[in-house]
Undergrad: 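Once you've had a glance at the structure underneath, I'll fire off some questions.
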2 protein chains.
Amino acid sequence: MSSTDAVTIPAPVDDLRAWQSVLAHVEAQLLDGTLSPGDHLPPERTLAADLGVGRSSVREAVRVLEAMGLIRTQTGSGPSAGAIIVATPQGAMSALLRLQVAAQGFRVRDVVKTRLVLEAAVVADVAGAASPDLEPSERLLDAMDSSELTPQEFLALDAAFHVSLAAASGNEVVTAMMAGLRSSIEGYVQAGLAVIDDWEATAARLREEHRGILAAIVAGDAFTARARVHSHITGYYTQTALVTEAPPTPETTAVVAAPTGTGHIALSRRTAEQ
Amino acid sequence: MSSTDAVTIPAPVDDLRAWQSVLAHVEAQLLDGTLSPGDHLPPERTLAADLGVGRSSVREAVRVLEAMGLIRTQTGSGPSAGAIIVATPQGAMSALLRLQVAAQGFRVRDVVKTRLVLEAAVVADVAGAASPDLEPSERLLDAMDSSELTPQEFLALDAAFHVSLAAASGNEVVTAMMAGLRSSIEGYVQAGLAVIDDWEATAARLREEHRGILAAIVAGDAFTARARVHSHITGYYTQTALVTEAPPTPETTAVVAAPTGTGHIALSRRTAEQ
DNA sequence: GCGGTAATGTGGTCAGACCACAGAGAGGCG
DNA sequence: CGCCTCTCTGTGGTCTGACCACATTACCGC
């Protein structure tokens with residue numbers, strides 16, 4: 001692994017499989033700007049002819065691109081048909097994490113810990129932002145106040161609320177990861193419902209905690225927001241015995257122990273700053 | 001939105017495309033334990049016959065599974081041939097993030113910010129761990145001391161070092177994400193080399209910073225480890241003008257400024273858990 | 001017994017065909 | 001002249017059959 005020669009050119013040939021060469025071709029065109037979001041991929045038959053591969057190989061690459069959230073395919077004719085570059089990572093991230101959890105490549109414990117880290121950072125970030133758009137989050141909380149919700153519907157709104165916080169941070173990477181992490185353990189979360197004796201009490205507590213988190217964010221109190229998110233998430237998972245031990249996550253415990261207090265803090269508007 | 005009825009059961013039928021039904025079939029078998037890591041997927045022709053779809057549709061699903069890092073396919077015959085469940089998420093996560101960055105679904109800025117959050121949490125976690133295995137990280141640092149490395153080789157080892165820290169935390173989700181985040185902006189990192197006048201000086205600084213991070217971890221000082229990681233990462237990106245503004249990432253600056261002192265905090269034992 | 005060779009079963013690829021679908025255009029009708 | 005309908009065309013979605021490369025396994029001759 002030194003530097004200059006030494007390699008004697010082992011096998012610079014492309015022993016890529018046919019579909020991989022198609023994928024590489026598309027990726028290269030994305031990188032050099034030949035393809036951009038909104039553009040159409042060439043028709044499969046054309047692409048096959050251009051690259052000298054069979055249409056089925058092109059289709060396998062297209063399938064991967066679709067699964068990765070890069071394109072959207074549609075049958076028919078006209079401007080909206082065909083394969084269009086869209087770059088919607090959420091679904092792909094969800095699928096990836098969900099499958100990996102299903103195949104035991106990811107442990108639920110690690111998923112929860114990661115979610116804790118990301119979400120704590122998110123709320124701290126949003127709390128420190130100039131004028132975050134928290135309207136979607138608030139509307140979700142209002143929707144969750146309905147007493148007619150089934151536990152499943154409640155949890156769906158719950159998940160959407162948490163993702164909406166990530167969206168408010170403006171970080172699409174974290175947003176996609178949060179959505180994926182949540183969906184990957186959705187089955188376990190729903191299974192956790194079984195061990196809850198008094199669902200209404202639990203729902204009421206969750207509603208209160210959500211309001212508390214949002215209040216801390218609006219107040220611009222990052223410390224409190226972090227602490228509340230931490231206890232909110234660990235609370236549910238320990239209650240449902242989904243995760244045995246509550247991971248202390250040093251940085252958050254330190255924050256919890258911080259002397260900032262959890263009472264009403266300032267409520268400063270922190271308007272113009274950006 | 002609302003609650004009970006209203007939907008009139010829109011379309012419970014499976015208008016899944018053929019390849020999606022194959023994917024769903026495999027995922028269901030993963031979830032109920034019929035398939036586990038190490039198992040073989042049925043041969044494509046068998047699977048096609050069983051599910052009543054064409055072999056090409058099966059192949060598209062298999063291709064997605066392979067791209068998602070769930071299986072490894074091999075030609076030939078015998079126990080090692082065929083499609084085997086492996087669940088290796090790193091490559092898939094890297095591909096996903098890389099493609100999304102290429103397609104402008106993810107901004108480089110967000111990738112860097114996310115990396116900052118995750119890596120700060122990782123070092124704090126490892127610093128608080130009972131007996132983390134830091135030997136791989138140390139060996140990578142030793143390898144980076146060589147003066148014969150090209151910048152590219154140095155950066156490759158650099159990336160491996162950061163991923164090794166995540167691996168030391170034992171959280172495979174974060175490890176995969178870290179590897180993916182890094183690889184997704186690898187092109188930009190290498191492009192950043194161009195604006196560095198004195199590479200040797202930069203390399204020396206990076207070496208020193210790496211040692212400093214590892215030292216803080218070994219000392220169990222989570223706060224210092226976080227702070228050093230933060231400045232280490234932002235340092236390179238601001239130097240190479242990859243990210244214009246240095247994102248302060250409230251929680252880290254807050255932690256650095258926290259009055260708790262940098263002494264032993266946390267140090268949660270987290271002994272037997274595996 | 002042993003070595004070499006054929007058979008077998010797997011994924012990888014290609015070619016061709018057909019279908020469903022949706023827009024575009026030509027044509028007819030009022 | 002305008003509107004409506006109908007065909008035409010191009011797209012992805014799917015299936016079938018065929019062939020290849022490859023690695024193991026079984027068999028056969030020695």
Side-chain angles (χ1 to χ4, degrees), chain A residues 11 13-26 29 35 38-88 91-92 95, chain B residues 11 13-26 29 35 38-86 88 91-92:
Chain A
V13 294
D14 53 342
D15 21 10
L16 292 174
R17 284 182 282 176
W19 66 272
Q20 288 177 317
S21 70
V22 178
L23 208 53
H25 176 77
V26 172
Q29 290 203 322
L35 287 176
D39 290 350
H40 280 69
L41 233 52
E44 295 174 354
R45 293 161 176 88
T46 306
L47 209 45
D50 289 352
L51 299 180
V53 299
R55 191 188 160 204
S56 49
S57 296
V58 171
R59 293 197 101 267
E60 292 182 13
V62 166
R63 203 56 55 229
V64 171
L65 288 172
E66 186 177 352
M68 294 289 201
L70 272 142
I71 61 175
R72 174 179 56 84
T73 62
Q74 194 144 354
T75 62
S77 170
S80 71
I84 305 177
I85 317 276
V86 289
T88 54
Chain B
V13 294
D14 55 340
D15 21 12
L16 291 174
R17 284 183 282 176
W19 66 272
Q20 289 177 316
S21 71
V22 178
L23 209 53
H25 177 77
V26 172
Q29 290 203 323
L35 287 175
D39 290 350
H40 279 69
L41 231 54
E44 295 175 354
R45 293 163 176 86
T46 306
L47 208 46
D50 289 352
L51 298 181
V53 299
R55 191 186 160 206
S56 50
S57 296
V58 171
R59 284 187 61 70
E60 292 183 13
V62 166
R63 202 58 54 228
V64 171
L65 289 172
E66 185 177 354
M68 293 288 202
L70 272 144
I71 63 175
R72 174 178 57 83
T73 63
Q74 194 146 353
T75 61
S77 172
S80 72
I84 305 176
I85 316 274
V86 289
T88 54

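All values below come from the heavy atoms of this structure, side chains included, with hydrogens, waters and symmetry mates left out. Proteins get letters first, then strands, A, B, ... in listed order; numbering begins at 1 in each.
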Undergrad: Which whole-number value in Å describes the distance from B:H40 NE2 to C:dG11 C1'?
TA: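 That distance rounds to 12 Å.
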Undergrad: Would you kindly give the CD1-to-P distance between B:I84 and D:dT24, to the nearest whole Å?
TA: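 After rounding, the reported distance stands at 12 Å.
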Undergrad: Closer than 4.0 Å, any side-chain N/O of A:R45 to the OP1 or OP2 of C:dA15?
TA: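 It does not, given that no N or O in the side chain of A:R45 lies less than 4.0 Å from OP1 or OP2 of C:dA15.
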Undergrad: Under the 3.5 Å rule, do the base of D:dG17 and the side chain of B:R55 count as making a donor-acceptor pair?
TA: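 Between D:dG17 and B:R55, which were checked side chain against base, a qualifying N/O pair under 3.5 Å is absent.
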Undergrad: Take A:A18 and B:S77, find for each the nucleotide of DNA chain C with the closest heavy atom, and name the residue whose nucleotide sits nearer the 5' end.
TA: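 Per heavy-atom nearest nucleotide, the more 5' residue is B:S77.
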Undergrad: Show your working on side-chain contact (heavy atoms from CB on, under 4.5 Å) between A:L70 and A:V26 and close with a plain yes or no.
TA: CA-CA 11 Å; A:L70 272 142; A:V26 172; over 6 Å; no
Undergrad: How many whole angstroms separate atom CG of A:L41 from atom C1' of D:dG12?
TA: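 Going from A:L41 (CG) to D:dG12 (C1'), I get 12 Å.
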Undergrad: At their closest point, which heavy atom of A:V64 faces which heavy atom of B:A67, and how far apart are they?
TA: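 The pair with the smallest heavy-atom distance is CG1-CB, 3.6 Å.
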Undergrad: Using atom CZ of B:R17 as one end and atom P of C:dA20 as the other, report the distance to the nearest whole Å.
TA: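 B:R17 atom CZ is separated from C:dA20 atom P by 17 Å.
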Undergrad: Base, sugar-phosphate, or nothing for A:R63, non-hydrogen atoms under 4.0 angstrom?
TA: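 Counting heavy atoms under 4.0 Å across all strands, the contact made by A:R63 is with sugar-phosphate only.
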Undergrad: Identify the two heavy atoms, one from B:T73 and one from B:A83, that lie closest to each other, and give their separation to 0.1 Å.
TA: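 That closest heavy-atom pairing would be CG2-CB, 4.0 Å.
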Undergrad: Looking at every strand, decide which applies to B:V53 at a 4.0 Å heavy-atom threshold: base, sugar-phosphate, or nothing.
TA: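 Here B:V53 touches the backbone only, sparing every base.
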Undergrad: More 5' along DNA chain C: B:S56 or B:A83, using each one's nearest nucleotide?
TA: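 Between the two, 5'-proximity favours B:A83.
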Undergrad: Quick one: do A:V53 and A:H25 satisfy side-chain contact (heavy atoms from CB on, under 4.5 Å)? Show the steps, please.
TA: CA-CA 12 Å; A:V53 299; A:H25 176 77; over 6 Å; no
Undergrad: Would you mind reading off the distance between A:Q74 atom CD and C:dA20 atom C1', rounded to a whole angstrom?
TA: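 Interatomic distance, CD of A:Q74 to C1' of C:dA20: 13 Å.
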Undergrad: Could you state the CG-C1' distance from A:L51 to C:dC14, rounded to the nearest angstrom?
TA: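 Those two atoms, CG and C1', are 15 Å apart.
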Undergrad: So what does A:G76 hit on the nucleic acid, given a heavy-atom distance under 4.0 Å: a base, only sugar-phosphate, or nothing?
TA: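 Result for A:G76 = base.
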Undergrad: D:dC15 phosphate, OP1 or OP2: any side-chain N/O from B:S57 under 4.0 angstrom?
TA: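 For D:dC15, OP1/OP2 do have a side-chain N/O of B:S57 under 4.0 Å.
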Undergrad: Provide, to the nearest angstrom, the distance between the CZ atom belonging to B:R59 and the C1' atom belonging to C:dT10.
TA: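 In whole Å, C:dT10 C1' lies 11 Å from B:R59 CZ.
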Undergrad: Give the rounded distance in Å between these two atoms: CG of B:D15 and C1' of D:dG13.
TA: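 B:D15 atom CG is separated from D:dG13 atom C1' by 14 Å.
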Undergrad: Before accepting this row, confirm whether a basic side-chain N of the pair A:R63/A:E60 lies closer than 4.0 Å to the acidic partner's carboxylate O.
TA: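 A:E60 and A:R63: not salt-bridged.
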Undergrad: Contact class for A:T73 (heavy atom, under 4.0 Å): base, sugar-phosphate, or nothing?
TA: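 Touches sugar-phosphate only.
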